[in-house]
Amino acid sequence: MARTLITSAIPYINGIKHLGNLIGSQLPADLYARYRRARGDEVMFICATDEHGTPAELAAAKAGKPVAEYCAEMWQVQKDLADGFRLSFDHFGRSSSPQNHRLTQHFAGRLDAAGLIEERASRQVYSVADNRFLPDRYVEGTCPNCGYDRARGDQCENCTKQLDPTDLIDPRSAISGSTDLEVRETKHLYLLQSRLRDRLDAWIDGQEGWPVLTTSIAKKWLHDGDGLQDRGITRDLEWGVPVRKGDQPWPGMEGKVFYVWFDAPIEYIAATNEWADATGGDWRRWWRTDEGADDVRYVQFMGKDNVPFHTLSFPATLLGSGEPWKTVDYLKSFNYLNYDGGQFSTSQGRGVFMDQALEILPADYWRWWLLSHVPETSDTEFTWTAFQTDVNKDLADVLGNFVSRVTKFCRSKFGEVVPEGGSTGDAGVILVRRLSEGLARYEAHMDAIEIRKAAAELRAMWVAGNEYLQEAGPWTVFKTDPETAAAQVRLALNLIRFYAIVSAPFIPDASARMLASMRAGEADWPTDVAAALEALPPGHAFEVPEVLFAKITDEEREDWATRFSGTRT
RNA sequence: GGCGGUGUAGCUCAGUUGGUUAGAGCAGCGGAAUCAUAAUCCGCGUGUCCGGGGUUCGAGUCCCUGCACCGCCA
């Protein structure tokens, strides 16, 4: 049995994600996971929350809660939303888990033993009032270049000049506003990525068929300027994985934690470890090529902003450890989804967020639109009018109405049972051939993770059913030749079951309802379309389902467009 | 400023290593049908493929340049 390991970029714990985040990794990853399972693979689909770092600490402080408590609550919120969107993770972990602490410290120890970690001293801004070092962007002040009084320590948003915190005039803490700042010396660990450049370069070159977006970003970072830079992997924070060398203390690093950048991707492995601890499964056979993972195909999903970490940083950790860890086989990256002429923005609350989306419509509506418009080759635009017309047309009119017209016609002429007798003749044969070809193309696109093309092919199969019905015209044929009409309706009823199965990765809820109404027991992926379209035999009882997809009205669309136009309240 | 991306029908987007009359869905127009969620099906596109040069027998597809928009700069 083929084995597929799938990971989605892990969302940051700080707040609810918007639809742009969802379509940028979790949703396409889920589509692929569901598809691979349907095709019979053994699948391990992993995601988690990324919990460490300053933003989490600040969000917790703002909420008036201990950071651990805040993260636990937000994890549950994100978990519930993931469930709401039917994201079929085998495990949704937490980067703050004990498993990740242990693994992160393990990797640091191995990298140090390999001579790939170096201690370096640096000078950073320390806020006495806040009792902590301040990351560059948490130091605010007046820009020495343009005089903007809210410039950040890393860059002035007004004139875009790159800054160093010490450049700022009248610097203050962005956290407390305190001006009681001083520059202190601190030591940090650096991962010597530069020494791994050639290995990483060769590793990238060894990958075949990766998207250009993926390799071009990796190559740029490898060769741009002075090449791949060494990277600090520790911070002076409380919330995080304590710096240790494996299970041993790390002298001089007391009170420091690993930077999120370092521990977040390791959580992919740790989350699988969490899964194993919870279920009694074996996580190492997914991650250690010396313990069974050599026949695993590992596919990652992420937005383009995450590509450098997954093509360089994380592989540097894995390769540098000198241990036989599984590295990614195929990396699928995405562009951005824009919102009505601008960007989705978490900080500005612009766009539709996951909780709001589920409040107004079932998950399948969002899944279908987002996946069929996923920004694979370029940024894509979300507009309410497009969303309304596309969803109404594809789901309500083409698929949903097909189910309605077939089941209701059958009920009125033959009752709620698959009618017997007759033959569909050449038209039936032609339909089977068309669907066989369509299914083959659909599978090819899904195998290649060409999601938009797959969606278009799936839709074409739905259309083919309507075309068949229109041409066969059982409502007319019935008047003179009820036997033939019976065969036509029998074929159409079986089509509903067929659609339910092949559509399930995109719209799992509607798929389940279709199967339930047809009382279809088995729902194995069709290998022979002709046979699949005879699965429901004459005499098989079914039920006319409720409307599968209610249409989005103009009033609703206008209401939502207004409601989500501004800042989230 | 540096780097990168994008600019194709009213809208959202496809267009493989350059090769016959540049495509899809939606919207729009016309028709058929009436089983169905006023749902379906058929037919209809002369688009300066952002502008300007160039390479080539041949460029949306490669090179240079200009413009516009966007992103990134650890």
Side-chain angles (χ1 to χ4, degrees), chain A residues 135-137 145 154-155 159-163 190-191 193 209 212-213 216-221 223-226 228-233 259 261 303-309 312-313 335-338 340-343 369 372-414 445 448 450-453 455-460 462-479 485 488-489 492 544-553:
Chain A
D136 291 354
R137 63 193 176 113
N145 187 49
D154 53 347
Q155 181 178 34
C159 69
T160 74
K161 182 176 175 57
Q162 302 280 301
L163 299 172
Y190 279 72
L191 176 58
Q193 296 185 130
V212 176
L213 182 66
S216 66
I217 290 175
K219 284 293 185 180
K220 173 181 177 292
W221 282 51
H223 301 295
D224 193 42
D226 297 330
L228 190 60
Q229 299 298 299
D230 297 335
R231 178 91 195 236
I233 58 166
Y259 183 36
W261 164 87
K304 60 185 172 186
D305 52 326
N306 261 320
V307 169
F309 300 112
L312 304 171
S313 307
N335 292 283
Y336 293 137
L337 180 70
N338 289 320
D340 239 348
Q343 292 182 62
W369 196 89
S372 60
H373 292 80
V374 60
E376 279 177 313
T377 53
S378 64
D379 291 356
T380 296
E381 189 85 4
F382 174 93
T383 64
W384 284 101
T385 50
F387 177 69
Q388 178 195 26
T389 56
D390 292 341
V391 162
N392 284 354
K393 187 71 178 175
D394 297 346
L395 296 182
D397 296 348
V398 175
L399 177 62
N401 183 59
F402 177 82
V403 174
S404 285
R405 65 194 299 204
V406 169
T407 54
K408 288 182 179 174
F409 178 73
C410 181
R411 179 173 61 185
S412 71
K413 304 300 182 194
F414 304 102
H445 290 141
E450 294 270 7
I451 299 173
R452 295 175 76 127
K453 289 177 181 173
E457 200 59 55
L458 177 59
R459 185 186 186 284
W462 298 341
V463 169
N466 279 308
E467 288 176 2
Y468 168 77
L469 214 55
Q470 200 67 25
E471 192 183 329
W475 44 89
T476 303
V477 173
F478 181 79
K479 296 169 186 169
Q488 292 168 337
V489 169
V544 174
E546 295 297 308
V547 166
L548 271 185
F549 296 100
K551 291 201 191 192
I552 297 170
T553 65

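Residue numbers start from 1 in every chain, and the chains themselves are labelled A, B, ... in the order their sequence lines are given, proteins ahead of strands. In this text, all values refer to a predicted model and were calculated from it rather than measured experimentally.
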Heavy atoms from C-beta onward define the side chain here; which of A33(B), A74(B), U37(B) lies closest to that of Gln470(A)? A33(B)
Short side-chain N/O contact to A39(B) OP1/OP2 from Lys393(A), under 4.0 Å: no
Checking only heavy atoms, does the side chain of Asn401(A) share a donor-acceptor pair with the base of A36(B) at less than 3.5 Å? yes
Arg231(A) (side chain) donor-acceptor with Leu191(A) (main chain) under 3.5 angstrom: no
Classify Thr380(A) by what it touches in the nucleic acid, base, sugar-phosphate, or nothing, heavy-atom distance under 4.0 Å. sugar-phosphate
Atom CD of Glu457(A) and atom P of A24(B): how far apart are they, to the nearest Å? 14 Å
Interatomic distance at P, C64(B) relative to U20(B), whole Å: 25 Å
Distance test, side-chain N/O of Arg405(A) to OP1/OP2 of A33(B), below 4.0 Å: no
What contact category does Ala456(A) fall into here, base, sugar-phosphate, or nothing, at under 4.0 angstrom with non-hydrogen atoms? nothing
Nearest-nucleotide wise, let me know which of Thr389(A) and His373(A) is further upstream toward the 5' end of RNA chain B. His373(A)
Short question: side chain of Asn338(A), backbone of Glu381(A) - any donor-acceptor pair under 3.5 Å? no
Rounding to the closest angstrom, what is the interatomic distance between C26(B) and A39(B) at atom P? 13 Å
For nucleotides C29(B) and G45(B), find the distance between their C1' atoms and express it as a whole number of Å. 11 Å
Strand partner of A24(B), provided both Watson-Crick or wobble distances fall under 3.5 Å: U12(B)
Starting at atom CZ of Phe409(A), determine the distance to atom C1' of U40(B), rounded to an integer number of angstrom. 14 Å
Below 4.0 Å: OP1/OP2 of C35(B) and any side-chain N or O of Lys413(A): no
For Gln193(A) and Phe549(A), find the nucleotide of RNA chain B closest to each by heavy atoms; which residue's nucleotide sits nearer the 5' end? Phe549(A)
Could you work out the separation of C41(B) and G66(B) based on their P atoms and round it to a whole Å? 49 Å
So what does Val463(A) touch, heavy atoms closer than 4.0 Å: a base, only the sugar-phosphate, or nothing? sugar-phosphate
Got a donor-acceptor contact below 3.5 angstrom from the Gln488(A) side chain to the Leu469(A) backbone? no
Measuring only the P atom in each nucleotide, how far is A32(B) from U37(B)? A whole number of Å is fine. 23 Å
What is the separation between atom CG on Asn392(A) and atom P on U40(B), rounded to the nearest whole Å? 10 Å
Indicate, with yes or no, if the rings of Phe382(A) and Tyr336(A) have centres closer together than 6.0 Å. no
Tell me the interatomic distance from Trp462(A), atom CH2, to U40(B), atom P, rounded to whole angstroms. 13 Å
Pairwise C1' distance for C73(B) and C57(B), with rounding to whole Å: 45 Å
Looking only at atom C1', what distance separates G43(B) and G51(B), rounded to whole Å? 37 Å
